[in-house]
Amino acid sequence: MSGRHDTTTAPGQGNGTGTEYDRRLGDRFGYPLLRTSEAATILSVPTFLLFVNFVVQPALEMWPKLGYVRYPAARTAPPHRIAPEPFTDVAWWWHEITRLTHAGIHDPSGLHGHVLGNAALIAATSVILLALLGALGERRWFSYVYWELVVVAPIVGSYAFDLFGRTAHGYGASTVGFAFMGVLFALGLTLVGTHVRTGRIDATTHLLPVVAVLAAVGLIVGADFVANSPAMPVHQAGFGFGALVGAVAIPLVRRR
């Protein structure tokens, strides 16, 4: 679809779906040049996670209570176990707000491998997402897809945690990471299908890296399922939501 729009030659011009400038960069370097706004988007959530974990969370006693308490546990817990002192009178509203905010909180155990892993996962999958959307000629939709995953996936994960969780507290950043892998899987399958039908693929990518992405995502998600950790149901819900976003997005954006 991008071929109809390749009429500009300067960066930042056109509708962003695959300009001649971007194609030349893709031919030369194998991937499209990151624009400033795209780089800022990619780094926003990982930077926020690291800042909260290393700076804010240790300094503010109330911050860990932005984590999510599983519904069955919250229903019987005293208000001060759910919300910080100034908000105990509206503890249930606080609980509902944490369906979203728990994506920014990690278990305050002092072990930082989880937050570092989630930040790296979200950053890496964001870059791949941009590349796949660019190969499909839909790069302009990157920020929309990115923020939909970041905002909605934790809410989806919180309901999965209510139904299938095995611990009292949940932290949703990994759900976002798995949602990104879900959308990568859907977009990757779309690209492979396009290659099979037409015998070609956009200049900003090649078929082998796409297959490698599909294989890596399949291995990670499969290993998570087999490991059956307490967070597994939430991870799988995030992956499913991301795959749904990818499956729905492509036909919708191509009609515009």
Side-chain angles (χ1 to χ4, degrees), residues 1-2 11-12 14-19 22 26 31-53 99-106 115-158 171-191 202 204-205 209-210 213-214 216-217 220-221 234-235 237-254 256:
M1 181 177 169
S2 62
N15 61 12
T17 61
T19 64
D22 290 330
Y31 55 86
L33 181 68
L34 276 178
R35 300 172 182 133
T36 302
S37 61
E38 293 166 343
T41 299
I42 289 168
L43 294 175
S44 58
V45 172
T47 301
F48 176 76
L49 292 177
L50 296 175
F51 179 74
V52 167
N53 188 78
R99 289 188 185 275
L100 173 60
T101 60
H102 76 291
I105 314 301
H106 285 79
V115 65
L116 293 173
N118 283 332
L121 175 63
I122 293 171
T125 52
S126 299
V127 173
I128 300 172
L129 171 61
L130 177 63
L132 292 183
L133 285 172
L136 288 164
E138 302 294 351
R139 179 173 175 169
R140 58 186 169 145
W141 293 99
F142 170 68
S143 63
Y144 295 97
V145 176
Y146 183 98
W147 289 112
E148 181 176 5
L149 297 176
V150 168
V151 172
V152 182
I155 300 173
V156 172
S158 72
Y171 308 94
S174 55
T175 308
V176 176
F178 273 77
F180 272 97
M181 287 194 286
V183 80
L184 294 185
F185 196 76
L187 296 182
L189 288 177
T190 301
L191 273 170
D202 193 277
T204 55
T205 190
V210 177
V213 168
L214 291 173
V217 169
I220 294 170
V221 176
V234 182
H235 293 167
F239 175 79
F241 171 71
L244 178 64
V245 169
V248 171
I250 292 301
L252 288 180
V253 299
R254 285 192 164 183
R256 294 178 180 268

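Scope of the values below: all heavy atoms of this structure, side chains included, with no hydrogens, waters or symmetry mates. Just so it is clear, the model here is predicted, and its values are computed rather than measured.
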Which atom pairs, one a donor and one an acceptor, fall under 3.5 Å between side chains of residues 172-189 and the rest of the protein, sequence neighbours left out?
{"unit_1": "S174", "atom_1": "OG", "unit_2": "H235", "atom_2": "NE2", "d": "3.0"}

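- Scanning both residues, P46 and Y146, for their nearest heavy atoms gives CD-OH, 3.9 Å.
- Taking the side chain as every heavy atom from C-beta outward, L34 and I42 approach each other to under 4.5 Å.
- Residues H102 and S158 share a closest heavy-atom pair of CE1-CB, 4.1 Å.
- Taking E38 as the reference, R35, R139 meet the salt bridge (charged side-chain N to carboxylate O under 4.0 Å, His left out) condition, with sequence neighbours excluded.
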Side chains of residues 117-136: which donor-acceptor pairs under 3.5 Å do they make with residues two or more places apart or in other chains?
{"unit_1": "N118", "atom_1": "ND2", "unit_2": "H106", "atom_2": "NE2", "d": "3.0"}
{"unit_1": "N118", "atom_1": "ND2", "unit_2": "H114", "atom_2": "O", "d": "3.4"}
{"unit_1": "N118", "atom_1": "ND2", "unit_2": "H114", "atom_2": "NE2", "d": "3.2"}
{"unit_1": "T125", "atom_1": "OG1", "unit_2": "L121", "atom_2": "O", "d": "2.7"}
{"unit_1": "T125", "atom_1": "OG1", "unit_2": "I122", "atom_2": "O", "d": "3.2"}
{"unit_1": "S126", "atom_1": "OG", "unit_2": "I122", "atom_2": "O", "d": "2.5"}

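- Atom CD1 of I155 is separated from atom CZ of F241 by 8.5 Å, given to the nearest 0.5 angstrom.
- The shortest non-hydrogen separation linking G104 to F48 is CA-CE2, 4.1 Å.
- At a threshold of 4.5 Å between non-hydrogen side-chain atoms, the residues S37 and F142 do not count as touching.
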